[in-house]
K.L.:
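To start, I am sharing the structure in question, which I have written as structure tokens.
Protein chains get the first letters and strands the later ones, always in sequence-line order, with residue 1 at the start of each. No hydrogens, no waters, no symmetry mates; every other heavy atom, side chains included, goes into these values.
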There are 2 protein chains.
Amino acid sequence: MKKIQIKKAVSKNFKKHNHKLCYETSMKAFHKNCLEKNLKLTPLRLKVFELLLKDHRAIGAYQILDMLSKEGFSSTPPIAYRVLDFLIEQGFAHKIERFNAFIACSHPGSKHSPTFMICRKCDKVAEMCEKDSRLKLDKKSLSEFQIEESVIEIIGICKSCNQLETIKC
Amino acid sequence: MKKIQIKKAVSKNFKKHNHKLCYETSMKAFHKNCLEKNLKLTPLRLKVFELLLKDHRAIGAYQILDMLSKEGFSSTPPIAYRVLDFLIEQGFAHKIERFNAFIACSHPGSKHSPTFMICRKCDKVAEMCEKDSRLKLDKKSLSEFQIEESVIEIIGICKSCNQLETIKC
DNA sequence: AAATTAATGTTATAATATAACATTGACTTA
DNA sequence: TAAGTCAATGTTATATTATAACATTAATTT
């Protein structure tokens, strides 16, 4: 059962799918990881992670603050940025640099630099695992530069949005 | 002569090199391109491009404004952002998303999405051409997503900085 | 020379992010 | 368990990055 979920292509994020399953799987992994690493899973952290999991769209810090405010949480900027720092540091979330926005990690557990596909029509994001996205640099560059992290964000149109366009025309 | 310059690896940006040559080659290409495309090469645009060419470091819009101000140009934010928009749109400059900073393009002439190597010690940047950096996506992803642009920024330590560190230790 | 358009100038403000310090609450340890 | 410690949250202020909207100037066309 779990195996089937893991094997699904990231492109499912752009399509109709059983999102409740996404949500629950991620939330379970979050709990498990916090327990294992002895990280404090506070109501605020839980709520922000929950907000990031809502759909497969990245959200801005100030959107998060709005939502926190509506739910009775304190909501000055540092509140959001601190929790986001924690989530990113621990590998539970990522920042999409191109849009100054944040998204839950699809492969949580440790810090890493994934590749994102971002649809500019529906704004949905898919995080690709290393297996599905590899940056090939030439030998010379590899030998002359010690890579520590990478920002790889691909912007375009997902299949669902593309089909909608085709139908309209 | 010119051929030798073109063939040099991007990693030269991280080392001591004849920067006057970089500057002149880029400036010549800028002039040539503007002429060919009938773009107006105004004093302001020229100055901003010149600032971006100073060394191989990305600079922020407000740094540009400071420098413009010192040289007697008007220097309110839109001044910088408009020229930067122009330069980026025409393929003469790029934005480094990770650092909200801007850099002259090394392969000017048309809009494109290059790969950048950015040294976090010396802040120097090298723009790689397509030949030296390829993002390999799996077949499924490629078929399900129509790529329009990409942000690829590799952060790490360049060889020069690495060697300095080694010597110190 | 008048009309048009592109570029620059200016004012105001929006959007994103961090610094610095205060308070609370949980956890240790004496 | 009371005192001490530290991590998390709360709060105020401000820094940094970016854009909207409108005015003026300069170049180009008619």
K.L.:
With a cut-off of less than 4.0 Å, is there a side-chain N or O of A:Lys95 near OP1 or OP2 of C:dA17?
P.N.:
yes

K.L.:
Which value, rounded to the nearest 0.5 Å, describes the distance between A:Phe49 atom CZ and A:Leu44 atom CG?
P.N.:
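A:Phe49 CZ to A:Leu44 CG: 14.0 Å, rounded to 0.5 Å.
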
K.L.:
Between B:Ile79 and B:Ser74, which heavy-atom pair has the shortest distance, and what is it?
P.N.:
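Heavy atoms of B:Ile79 and B:Ser74 come nearest at CG2-O, 3.6 Å.
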
K.L.:
Could you check whether B:Glu149 pairs with A:Arg120 (Lys NZ or Arg NE/NH1/NH2 to Asp/Glu carboxylate O, under 4.0 Å)?
P.N.:
no

K.L.:
So, the side chain of B:His31 versus the backbone of B:Met27: is there a donor-acceptor pair under 3.5 Å, distance only?
P.N.:
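The answer is yes, because a donor-acceptor pair under 3.5 Å joins these two groups.
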
K.L.:
Rounded off to whole Å, could you give me the CD-to-C1' distance for the B:Glu97 and C:dT16 pair?
P.N.:
14 Å

K.L.:
To the nearest Å, give me how far apart CD (A:Gln63) and C1' (C:dA14) are.
P.N.:
15 Å

K.L.:
Could you give me the CA-CA distance, side-chain angles and deciding distance for A:Arg98 and A:Glu153, then say whether salt bridge (charged side-chain N to carboxylate O under 4.0 Å, His left out) is met?
P.N.:
CA-CA 7 Å; A:Arg98 183 65 165 68; A:Glu153 299 168 355; over 6 Å; no

K.L.:
Applying salt bridge (charged side-chain N to carboxylate O under 4.0 Å, His left out), which residue pairs with at least one partner in residues 14-26 of chain B are found, sequence neighbours left out?
P.N.:
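Qualifying pairs, neighbours excluded: A:Glu144-B:Lys15, B:Lys20-B:Glu24.
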
K.L.:
Would you indicate which nucleotide in D:dA7, D:dT9, C:dT8 comes nearest to any side-chain atom of A:Lys40?
P.N.:
D:dA7

K.L.:
In B/S/- notation, 5' to 3', how is nucleotides 19-26 of chain D contacted by protein heavy atoms closer than 4.0 Å?
P.N.:
BBB-----

K.L.:
Would you check if B:Arg45 and B:Val48 make a side-chain contact, meaning some heavy-atom pair closer than 4.5 Å?
P.N.:
no

K.L.:
Provide, to the nearest angstrom, the distance between the CG atom belonging to A:Leu41 and the P atom belonging to D:dA8.
P.N.:
11 Å

K.L.:
Could you give the CZ-to-P distance, from B:Phe73 to C:dT8, as a whole number of Å?
P.N.:
10 Å

K.L.:
Can you measure B:Ile59 atom CD1 to D:dT16 atom P for me and round it to whole angstrom units?
P.N.:
16 Å

K.L.:
When you look at A:Ser141 and B:Met128, which way does the side chain to side chain contact (heavy atoms under 4.5 Å, CB included) test go after all the steps?
P.N.:
CA-CA 9 Å; A:Ser141 302; B:Met128 304 176 77; 3.1 Å; yes

K.L.:
Who else is in the cluster with A:Val125 when I, L, V, M, F, W and Y are joined by side-chain contacts under 4.5 Å?
P.N.:
A:Ile96, A:Phe99, A:Ile103, A:Phe116, A:Ile118, A:Val151, A:Ile155, B:Ile96, B:Phe99, B:Ile103, B:Phe116, B:Ile118, B:Val125, B:Val151, B:Ile155

K.L.:
Mind running a 4.0 Å heavy-atom check of residues 148-156 of chain B against DNA chain D and sending the residues that fall below it, in number order?
P.N.:
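Result for residues 148-156 of chain B: none.
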
K.L.:
With a 3.5 Å distance limit and no angle check, can you tell me whether A:His56 reaches the backbone of A:Glu127 through a side-chain donor-acceptor pair?
P.N.:
no

K.L.:
Inspect the surroundings of NZ in B:Lys37 and state if more than 12 heavy atoms from other residues, nucleotides or ligands are less than 6.0 Å away.
P.N.:
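Yes.
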
K.L.:
So how far off straight is the helix from C:dA1-D:dT30 to C:dA30-D:dT1, going by the axes through five pairs at either end, to 10°?
P.N.:
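The helix from C:dA1-D:dT30 to C:dA30-D:dT1 shows an end-to-end axis angle of 20°.
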
K.L.:
Can you check the B:Leu84 CG to C:dA7 P distance for me, whole Å?
P.N.:
15 Å

K.L.:
Between P on C:dA15 and CG on B:Asn100, what's the gap in Å once rounded to a whole number?
P.N.:
16 Å

K.L.:
Identify, residue by residue, the members of residues 113-120 of chain B with a heavy atom below 4.0 Å from DNA chain C, and return them in order of residue number, or none.
P.N.:
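Those residues whose heavy atoms fall under 4.0 Å from DNA chain C, taken from residues 113-120 of chain B, amount to none.
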
K.L.:
Should we count CD of A:Glu148 as having more than 12 external heavy atoms under 6.0 Å?
P.N.:
yes

K.L.:
Let me know the distance between CG of A:Leu65 and P of D:dT9, rounded to the nearest Å.
P.N.:
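Value for this atom pair: 14 Å.
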
K.L.:
Do B:Lys32 and B:Glu36 sit within salt-bridge range, that is, some charged N less than 4.0 Å from a carboxylate O?
P.N.:
yes

K.L.:
If you measure from the Lys or Arg side-chain nitrogens to the Asp or Glu carboxylate oxygens, is any gap between A:Lys140 and A:Asp138 under 4.0 Å?
P.N.:
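Here A:Lys140 does not pair with A:Asp138 in a salt bridge, since their nearest N and O are not under 4.0 Å apart.
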
K.L.:
Would you kindly compare B:Ala101 and A:Ser75 by the position of their nearest DNA chain D nucleotide and give the one closer to the 5′ end?
P.N.:
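Counting from the 5' end, the first nearest nucleotide belongs to A:Ser75.
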
